[in-house]
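Both backbone and side-chain heavy atoms feed into the values below; hydrogens, waters and symmetry mates do not. Keep in mind that what you see is a predicted model, and the values were worked out from it rather than measured. Naming convention: chains lettered A, B, ... in sequence-line order (proteins, then strands); numbering from 1 in each chain.
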2 protein chains.
Amino acid sequence: MRHPEAMNDQQPGQDATDSLEPAKAGVSSRRIADYLRTAILNGELAPGTRLRQEEIAERLGSSRIPVREALRMVEADGLVTVKSYSGARVAKLDFNEFDTAYRIRERIDPLALTLSLQEITDEDVARLEALQTEVEETTSPDRFVALDRQFHLATYTGCTDKQLLATVTRFWNTTQHYRRAYAQLIDDRGRSIITYEHRLLIDAIHRRDPVDAERFLSGHIRRTRITLAEHPELFD
Amino acid sequence: MRHPEAMNDQQPGQDATDSLEPAKAGVSSRRIADYLRTAILNGELAPGTRLRQEEIAERLGSSRIPVREALRMVEADGLVTVKSYSGARVAKLDFNEFDTAYRIRERIDPLALTLSLQEITDEDVARLEALQTEVEETTSPDRFVALDRQFHLATYTGCTDKQLLATVTRFWNTTQHYRRAYAQLIDDRGRSIITYEHRLLIDAIHRRDPVDAERFLSGHIRRTRITLAEHPELFD
DNA sequence: CAGCTTGCGATTGTGTCCAATCGTCAGTAG
DNA sequence: CTACTGACGATTGGACACAATCGCAAGCTG
C-alpha cells in the first residue's frame with residue numbers, strides 16, 4: 001500500500017513516515033506548515049486560537065520568515081485565516097460552511113474512489129479489511145477518528161492524481177474538527193451503522209464495482225453529514 | 001449582480017473591480033499573488049516559465065519577502081510549482097491531470113450552480129443573457145475565452161460559499177491554459193454547440209430547475225473535456 | 001574520450017532590524 | 001453614563017544582509 005497516512009499535502013519527495021509528528025527534514029516553511037496542520041487536526045490548536053508568528057517561531061526554533069510562509073500555505077488549505085496586520089487564527093467553519101464542505105465531499109470522494117479502483121491491488125483491499133477491524137475494535141474516540149480517517153484515505157490509495165487527492169484531503173481537513181467532536185458522543189447504534197456501511201464499501205471495492213462503490217460512499221458521507229447536523233451543539 | 005469577475009481568490013473586503021489588472025490596494029503579498037495569477041491566466045507567463053523571486057520583486061517594486069509569500073499562495077492554487085533551492089515555475093498540467101481536473105469540475109460546478117439557484121435574481125439572469133450575447137458576437141479567441149469564463153462564473157453568482165467558489169475557481173484556473181489554446185482552433189460548429197448548450201443552461205437557470213441545470217452543465221463540461229481530449233497537440 | 005570530481009556563480013532560504021497598522025484603553029466632552 | 005477621540009503598546013508587514021544549496025561547466029583522471 002502506498003500512503004495511507006497522507007494527512008497533509010506532502011510535497012513529492014518526502015515520505016509521510018507513519019508518525020503523527022511533522023517531518024523533521026526539508027525546508028523550514030514546509031516543516032512548520034506540517035506542524036501547524038498536524039496540531040490543528042489533532043485538536044491541540046482549537047478553532048479560533050490566535051497564532052502569533054513570533055510564538056510559533058520561538059517554539060520551533062526558527063525566525064518569523066518561514067513561519068509567515070507556512071501560515072500562507074496553511075491558509076490556502078483552509079485551516080487558518082489570516083487578516084492583515086491583525087494576525088492568523090485557526091479557522092472555524094460555521095454550519096453552512098460545514099454543510100457545503102460535506103456536499104462537496106459527497107461528490108468528489110466518490111470520484112477519487114472510482115479512479116482508485118482502477119489501480120487498487122488485492123493487498124490494498126486486505127489492508128483495508130485489517131484497518132476496518134481496528135476501527136471496529138477501538139474504544140477510544142480519538143483513535144476511532146484517526147482510524148476512520150486512515151481507512152477512508154486508504155480507499156483512495158489507487159488514485160494517483162495529486163490535485164484530486166489534495167482537494168479530497170483538504171475537505172477532510174477542514175471538517176476534521178466536527179468529526180472529532182462527534183466521536184465523543186457517538187453511540188453503539190451509530191458505530192454499528194458505520195461498520196455496516198464500511199463493510200459494504202469494502203465489498204464493492206473488492207468487486208471493483210465503481211457504481212456500487214460510489215453509491216455506498218456518497219450515501220455514507222451524506223448520512224454522516226445529516227447525523228452531524230442533528231447535533232447543533234457542535235456548531236457553537 | 002455580485003462578483004461576475006471573481007477570477008482570483010479575492011479576500012473579503014476588496015472588490016474585484018472589473019479590470020484585468022491586479023488590485024492596487026492591500027498587502028503586498030496579496031497584490032503580487034493577484035498579479036501572478038492574472039499574468040498566468042492571461043497567458044503572459046506560459047507554463048514552464050521560470051519565476052525568479054528577485055526579478056518579480058524588482059518588476060513590482062518590492063523586496064523578495066512578499067514575493068515569496070505570494071509564490072506560496074499561488075502554489076497552493078496549483079498555478080505554480082516550487083522546488084526547494086531550485087525555484088518556482090508556472091505549473092504545467094499533463095493530460096491525466098487535465099482529464100481529472102475536468103472530471104472534478106463535472107461534479108462540483110453543478111453543485112455550485114444548484115446552490116446558486118437558491119439565491120439568484122432575475123437581474124442576474126438578465127445579466128447572464130447579455131453576457132451570452134457578447135460571447136456569441138465576439139470573433140476574438142482571447143475575448144471568447146474571457147467572456148465564456150465570465151459567463152460560467154456569473155452563473156455561480158448566487159452561491160455564497162467561499163470554499164466552494166474557491167475550489168471551483170481553482171480548477172477553472174489550472175485548466176485555463178488549455179481552453180485558451182483550444183479557442184485558437186475552434187470552428188463554427190463547435191461555437192454553435194457551445195451557444196446551444198449555454199442557451200439551454202440559461203433557460204434551466206431561469207426556471208430555477210436544479211435537475212436540468214445540473215444535467216446541462218455537467219454535460220457541457222463533459223463534452224468540453226472530450227472535445228479538448230481530441231486535440232492531443234494541445235498536450236505537448 | 002567518457003566519466004567523475006570540484007569549484008564557482010546564481011538563486012533560494014533565513015535572521016535581524018525598522019516601518020506600518022490595528023486594537024485597546026484611558027481620557028474627555030456631551 | 002455613554003459615545004467619541006487620541007495615543008500607546010502589541011503585532012504584523014517589509015527591506016536588507018548573509019548563509020545554504022543547487023546546477024553547471026571546467027578540469028582532472030582513468
Side-chain angles (χ1 to χ4, degrees), chain A residues 8-14 22-37 39-40 45 48-77 79-92, chain B residues 8-14 22-37 39-40 45 48-77 79-92:
Chain A
N8 304 339
D9 301 331
Q10 305 282 352
Q11 282 306 104
Q14 67 244 31
K24 295 276 191 295
V27 172
S28 281
S29 54
R30 293 206 194 282
R31 292 199 304 112
I32 297 171
D34 279 345
Y35 166 81
L36 290 173
R37 276 190 277 256
I40 293 171
L45 295 172
T49 305
R50 185 164 179 192
L51 300 171
R52 284 184 305 114
Q53 299 173 357
E54 196 161 9
E55 185 182 317
I56 299 169
E58 192 177 347
R59 174 178 309 194
L60 301 188
S62 76
S63 89
R64 283 171 49 219
I65 304 284
V67 173
R68 290 170 51 169
E69 290 182 35
L71 285 173
R72 295 299 188 194
M73 293 189 264
V74 184
E75 177 188 29
D77 291 338
L79 290 176
V80 313
T81 58
V82 178
K83 233 176 66 182
S84 294
Y85 292 104
S86 172
R89 285 175 180 280
V90 178
K92 182 182 266 177
Chain B
N8 304 339
D9 301 331
Q10 306 281 352
Q11 283 305 104
Q14 69 241 31
K24 297 275 192 294
V27 171
S28 281
S29 55
R30 293 204 194 283
R31 292 199 305 110
I32 296 171
D34 279 345
Y35 166 82
L36 290 173
R37 276 190 278 254
I40 293 171
L45 295 172
T49 305
R50 185 164 179 192
L51 300 171
R52 283 184 307 113
Q53 299 174 356
E54 196 161 10
E55 185 182 317
I56 299 169
E58 192 178 347
R59 174 178 308 193
L60 301 188
S62 76
S63 89
R64 284 171 47 219
I65 306 284
V67 172
R68 292 166 58 93
E69 290 184 33
L71 285 173
R72 295 299 189 194
M73 293 190 263
V74 184
E75 176 188 29
D77 291 338
L79 290 177
V80 313
T81 58
V82 178
K83 233 176 66 182
S84 294
Y85 292 105
S86 171
R89 288 175 179 278
V90 178
K92 182 182 265 177

Quiz item: Expressed in angstrom and rounded to an integer, what is the separation of A:R72 atom CZ from D:dT12 atom C1'?
Solution: 10 Å
Quiz item: Does A:R89 reach the main-chain N or O of A:T81 with its side chain, forming a donor-acceptor pair under 3.5 Å?
Solution: no
Quiz prompt | Atom pair distance, as rounded to whole Å: CD in A:Q53 and P in D:dA10 | solution = 17 Å
Self-check item: Value in whole Å for how far the C1' atom of D:dG13 lies from CD1 of B:I32
Solution: 11 Å
Quiz prompt | Euclidean distance, atom CD1 of residue B:I65 to atom P of D:dA17 [Å, nearest integer] | solution = 13 Å
Quiz prompt | Student check: side-chain heavy atoms of B:L51 and B:L45 closer than 4.5 Å | solution = yes
Quiz item: Does B:S28 make a side-chain N or O approach to OP1 or OP2 of D:dG14 shorter than 4.0 Å?
Solution: yes
Practice problem: On DNA chain C, check which nucleotide each of A:R64 and B:R68 is closest to and give me the residue with the more 5' one. | Solution: B:R68
Quiz item: What does B:L51 touch in the nucleic acid at a heavy-atom separation under 4.0 angstrom: a base, only the sugar-phosphate, or nothing?
Solution: sugar-phosphate
Quiz item: Does the distance from a Lys or Arg side-chain N to an Asp or Glu carboxylate O, for B:R72 and B:E75, drop under 4.0 Å?
Solution: yes
Quiz item: Of the candidate nucleotides D:dG13, C:dT14, C:dC22, which contains the atom at the shortest distance from the side chain of A:S86?
Solution: C:dC22
Exercise. Mind calculating the distance between CZ (B:R89) and P (D:dC22) to the nearest angstrom?
Key: 16 Å
Exercise. In whole angstrom, give the distance that lies between atom CD of A:E54 and atom P of D:dT12.
Key: 8 Å
Quiz item: How many Å lie between CD on B:E69 and C1' on D:dG13, as a whole number?
Solution: 8 Å
Quiz item: Is the shortest side-chain N/O distance from A:K83 to OP1 or OP2 of C:dG23 below 4.0 Å?
Solution: yes
Exercise. Grab the OH-P distance between B:Y85 and D:dA20 for me, whole Å please.
Key: 9 Å
Quiz item: Between A:D34 and A:R31, is there a side-chain N and carboxylate O pair less than 4.0 Å apart?
Solution: no
